[in-house]
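Comments concern the structure below.
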Amino acid sequence: MKRYDVVMIGGGHNGLVAACYLQRAGLDVVVLEKNDWVGGAATSREMTPGFTYSNCSYVCSLFRPEIMRDLELPKHGLQVISYEGGAVFTRDGDYLASYRDHDSHRREFARWSKRDAEAYDRYARDVTKQCRFIQPLLMRTAPDPFSFRPRDISELLYLAKKFGEFTPSEMAQTLRFWTMSISDFLNEYFETDVIKASLALSGIIGTALGPMSPGTAYVLLHHYMGEVDGSVGAWGYARGGMGAISKALASSFQAWGGTIRIGADVEKVLTRNGEATGVVLCGGEEVAGKLVVSNADVKRTFLKLVDQHDLPAAFLHRVKHFKMRGSSGKLNIALDSLPDFPALPAGSSCIRGDLHFTDSVERMERAYDDWKAGRWSADPFVDMMIPTQLDPTMAPPGKHFMSCFVQYCPPKVEGLDWTDADRDAFAKTVVSQIAGYSPGFRERIVHMEVRTPREIEEEVGLTEGNIFQGELTFDQLLFNRPIPGYAQHRSPVRGLYLCGSSTHPGGGVMGAPGRNAAAEILRDLRLGTKHMSPAHDVI
């Protein structure tokens, strides 16, 4: 039986990133993916003839440009098209436009409130300061604060130096920022409900928290520091859907001699004397490896794939209590024509970006109240996009694909498993909200794919459908992610590593967890990391 240098569990984007770096370092890597396609949550699939859906993740910004260059992804077909702005529709028939251009954005704020337009410059400056602090940490392994190893001490000194660049007042503001709610944070700058709602949305996406929950200000930052083609804060569509990222990663990996096996569902991690020796597939086949790397989340890895007798009781306790609660749903809709939104001026560029219908933070919080009660939101927050306006490859001529990301959607409905009837009722709620702002919308629908946390967990393997493999709260960041003492991609089982979004720096189609895990593995093997670019300063 062949023994690989590395067996990778899962072909999600982080697993593929790690596999690429390890393969390029001269290791023999096999990627085992349970589905008949790679990509995990970053996939493109044709669910109805002629239409390509970005089934789960749907926009690109967080993916690190350093990784894109290292792995030559444009050479393997990846192209990201930036989009311009978006809009929030208000219940009185008006709208708040957003633009990528700072001055245009500021003028639109002034249409609603001159005071808020003045405050926007101060807000952008203060958020940028936080980005400058956190962004370099994305591509560095979190230090272990309880270790006296030289490298951990060096990383702690680096953190102290970065923090020391702040003035005393900025230090205090940073500590407040990381622990406060997005609602409280925005109240310190703005007075207009719709403006606050437009900015608060980044604080709740993918998170089982409401805008008034402590810790959601950092979630905004997590989304704010992405970039497209060097333009910080910009977002874009991957041409051909989000699966184009995974397709390019797979192509890069295979170009260097890597092996991908689809339809290979891992049932168990094999161990001997506390050390990982390979995996067993669901059909009983064993795949041997000198090292095993799991792209699955921390709960799926250690509560389902690893024999719990191989794990310390205290470690298991922390894994079981790692917060990983599903809060999101997704509708992918094929349309026979472009929807009409009468609130927008004819020819407005806003329709090519992200569109929302929640015009106050209070409405977002009430939507979260439904989630807490175990129900999907009766008045949900919907992040809606029509990428085929900029990427016509995803639909037949004249027709369109619409992506709708929905908060909030619980992992269970009032404590019970989702049923197909529940799923259909959830979809009806979302479609009704869109139709309230777009006359004739229902008649334009050709096909619709509906994903609740049930479908996300069953297909993608994300526990409870949590898209970040664990919430991005302060107690689960840096050296606390996923577990204190195990934040450096290693585990209690020798030779078993984690590379998914349960590890630092967290979720989103970023690639940094996979890249950082590969760096740690190569250091353990005493192999070079010269083919891995460090984080660059772009802000």
Side-chain angles (χ1 to χ4, degrees), residues 9-15 32-43 45 47 53-58 205-209 242-243 246 262-269 282 294-306 319-332 371 374-377 380 403-427 430 449-472 476 482 498-503 506-509 513:
I9 302 173
H13 78 280
N14 276 312
L32 304 176
E33 169 55 48
K34 75 181 184 72
N35 290 314
D36 292 331
W37 57 89
V38 295
T43 58
R45 297 178 62 203
M47 307 301 293
Y53 293 166
S54 286
N55 298 85
C56 293
S57 60
Y58 53 103
I205 285 182
T207 304
L209 297 170
M242 289 297 283
S246 303
I262 57 175
D265 193 2
V266 174
E267 182 177 51
K268 181 181 179 181
V269 174
C282 286
S294 177
N295 189 32
D297 64 62
V298 65
K299 288 195 172 184
R300 194 173 192 89
T301 299
F302 295 110
L303 302 183
K304 293 186 177 180
L305 301 181
V306 176
V319 169
K320 290 174 181 177
H321 290 86
F322 185 73
K323 290 183 297 184
M324 193 179 292
R325 303 171 294 182
S327 62
S328 313
K330 182 88 191 292
L331 269 65
N332 297 308
W371 180 90
R375 302 185 297 268
W376 63 86
S377 301
S403 166
C404 300
F405 179 87
V406 187
Q407 294 276 114
Y408 293 85
C409 193
K412 290 184 179 292
V413 180
E414 296 182 336
L416 302 175
D417 291 338
W418 279 84
T419 65
D420 290 348
D422 292 330
R423 181 196 61 203
D424 295 343
F426 162 69
V430 177
E449 178 192 30
V450 184
R451 289 173 166 244
T452 71
R454 177 186 68 172
E455 285 76 25
I456 295 172
E457 179 167 9
E458 286 177 355
E459 181 179 302
V460 185
L462 296 170
T463 299
E464 293 195 12
N466 185 283
I467 64 170
F468 290 154
Q469 286 196 359
E471 289 174 30
L472 297 173
Q476 295 191 170
L498 287 181
C499 73
S501 296
S502 288
T503 63
V509 183

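Note that NE2 of H13 and OG of S246 are 8.0 Å apart. Values are rounded to the nearest 0.5 Å. The distance from the NZ atom of K323 to the CG atom of L472 is 10.0 Å, given to the nearest 0.5 Å. Atom CG of D422 is separated from atom CZ of R454 by 8.0 Å, given to the nearest 0.5 angstrom. Between atom CZ of residue F322 and atom CD of residue Q476 there is a gap of 4.0 Å, rounded to the nearest 0.5 Å. Atom CD of Q407 is separated from atom CH2 of W376 by 16.0 Å, given to the nearest 0.5 angstrom. Note: L462 CG to R300 CZ = 8.5 Å, rounded to the nearest 0.5 Å.
Panel note: side chain E455, backbone T452; a donor-acceptor pair is recorded below 3.5 Å. The backbone N or O of L209 lies less than 3.5 Å from no partner atom in the side chain of T207, so there is not a single donor-acceptor pair. No donor-acceptor pair closer than 3.5 Å links the side chain of S294 to the backbone N or O of I9. Side chain of Q469 to backbone of T503: no donor-acceptor contact under 3.5 angstrom is found. Listed for the N332 side chain is no donor-acceptor partner under 3.5 Å among the backbone atoms of Y53. Listed for the E449 side chain is no donor-acceptor partner under 3.5 Å among the backbone atoms of M47. Judged by distance alone, with hydrogens and angles left aside, the side-chain atoms of D297 form a donor-acceptor pair with the main-chain N or O of K299 at under 3.5 Å. Counting only distance, with no hydrogens or angles, the side chain of S54 and the backbone of M242 share a donor-acceptor pair below 3.5 Å. Proximity of a side-chain donor or acceptor of E457 to a complementary backbone N or O of E464 within less than 3.5 Å is detected.
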Step by step, would you call S501 with N14 a side-chain contact (heavy atoms from CB on, under 4.5 Å)? CA-CA 8 Å; S501 296; N14 276 312; 3.3 Å; yes
If you apply the rule side-chain contact (heavy atoms from CB on, under 4.5 Å), what do you find for N55 with W37, and how did you get there? CA-CA 12 Å; N55 298 85; W37 57 89; over 6 Å; no
Could you go step by step and tell me if L331 and V450 meet the side-chain contact (heavy atoms from CB on, under 4.5 Å) rule? CA-CA 5 Å; L331 269 65; V450 184; 4.0 Å; yes
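The shortest distance between side-chain heavy atoms of V298 and M324 falls below 4.5 Å. Side-chain contact between V460 and R451: present, with at least one pair of heavy atoms (C-beta onward) separated by less than 4.5 Å. Side-chain contact between C56 and K330 is absent, with no heavy-atom pair separated by less than 4.5 Å. Looking only at side-chain heavy atoms (C-beta outward), I262 and V38 come within less than 4.5 Å of each other. Using a 4.5 Å heavy-atom threshold, the side chains of P410 and W418 count as touching.
With sequence neighbours excluded, the residues forming a side chain to side chain contact (heavy atoms under 4.5 Å, CB included) with D417 are K412, listed by chain and number. Partners of A208 by side chain to side chain contact (heavy atoms under 4.5 Å, CB included), not counting sequence neighbours, listed by chain and number: R325, S327, W371, E471.
Taking all atoms of both residues into account, the shortest heavy-atom contact from L498 to A296 is CD2-O, 4.2 Å. Looking at every heavy atom in both residues, I205 comes nearest to F468 through O-CE1, 3.4 Å. Considering every non-hydrogen atom in both G206 and S328, the closest pair reads CA-OG, 3.6 Å. Across every non-hydrogen atom of G506 and P513, the tightest pair is O-CG, 3.5 Å. In this structure, P411 and P453 approach most closely via the heavy-atom pair CA-CB, 3.8 Å.
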